[in-house]
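Please read the structure below before turning to the comments.
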Amino acid sequence: MVFKSIGWGRGDDVPESRERALPKARTTPRQEGGLVGLVGESNGGGFANEPASEHYERLFKVDGGVLGYNLDGKMVLMRYEKNERGFDHYIGLPFTKGVTERGTGRTLLILGSAAHHGDAMQNQFEGVIWKPDAAEEMKRYGDTIRWINVGDLKQGFIGLDYKPQATAEDGVARSPEEVAFLAATLLSFGYDPSKRLFLLDPPYIVESSYGKQMRKQGKETLMDYVKKK
């Protein structure tokens, strides 16, 4: 999942000339708990992807403080020419990456870190393989769904890739039932039922054809996806 316009003065997919060297593989033991955060600290103008300066900790709830944590490092939604212009409405709102395990609902939030989803997930979920710099690139996300949060518990939107043809290890939602499961999980963490959810078509923030079809069916918020119609 690469959201090229999401940034904090930088982006989740940094232009080649500014790309950071990939860090060494994380060796941190699994942090127990159903809600976990990879937590780092602002370096004054952004976030560094430096495993030695980051730690995993168990979280007990999602609130405004957690979702606003990344503002210190200027991690906000930024305008990008290849994004769908309808999302410009959310420019300037804080941005957080998350991943949720299917079935269990175990969720990891990336706070104060520039780590990619797969990097942050190492040793925290079964079946994760993150070797983007290998001769034969390998990216496996276990039995999970990756997503982003823009804004707080109510304002902004949740965005996730949706691809029915994907494999279980691609880290994307593959069915309305999986989207409903993620929505229910986020509601259990304290998200407002009226928070909007968009199915996206990467690598940019563009609503997918599936998402547009869902919205025509009246599915636009977390609660809409949870309800059975």
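Everything quoted here is computed from the prediction, not taken from an experiment. Residue numbers start at 1 and run along the sequence shown.
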For this session: Go through the steps for Tyr141 and Val172 under the test side-chain contact (heavy atoms from CB on, under 4.5 Å), then give the verdict.
Result: CA-CA 9 Å; Tyr141 299 95; Val172 304; over 6 Å; no
Problem set entry | Qualifying residues under salt bridge (Lys or Arg N to Asp or Glu O under 4.0 Å), relative to Arg215, sequence neighbours excluded |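 Here the qualifying residues are Glu207.
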For this session: Establish, from distance only, whether the side-chain atoms of Thr144 and Glu101 form a donor-acceptor pair under 3.5 Å.
Result: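 The answer is no; no qualifying pair exists.
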Exercise. Taking atom types as modelled and ignoring hydrogens, do the side chains of Thr185 and Thr100 form a donor-acceptor contact shorter than 3.5 angstrom?
Worked result: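 On atom types as modelled, these side chains do not qualify, holding no pair under 3.5 Å.
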Exercise. Which pair of non-hydrogen atoms, one from Val226 and one from Ala183, has the smallest distance, and what is that distance?
Worked result: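 Taking every non-hydrogen atom into account, CG2-CB, 3.8 Å.
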Exercise. Between Tyr80 and Tyr204, what is the ring plane arrangement, given parallel below 30°, perpendicular above 60°, and tilted in between?
Worked result: parallel
Exercise. Under 6.0 Å from the six-membered ring centre of Phe125 and within 45° of its axis: does the NZ or CZ of Arg106 meet both?
Worked result: yes
Problem set entry | Charged tip of Arg174 within 45° of Tyr162 ring normal and under 6.0 Å | no
Exercise. Given Lys195 and Asn149, is the side chain to side chain donor-acceptor pair (under 3.5 Å) satisfied, shown in steps?
Worked result: CA-CA 10 Å; Lys195 176 91 173 186; Asn149 177 88; 3.1 Å; yes
Problem set entry | Ionic contact status for Glu32 with Arg58, cut-off 4.0 Å | no
Exercise. For Gly118, does its backbone N or O pair with a side-chain atom of Arg146 as donor and acceptor, under 3.5 Å?
Worked result: no
Problem set entry | Evaluation steps, side-chain contact (heavy atoms from CB on, under 4.5 Å), between Ile145 and Val99 | CA-CA 6 Å; Ile145 301 171; Val99 59; over 6 Å; no
Exercise. Under 6.0 Å from the CD atom of Gln165, do we count more than 12 heavy atoms belonging to anything else shown?
Worked result: yes
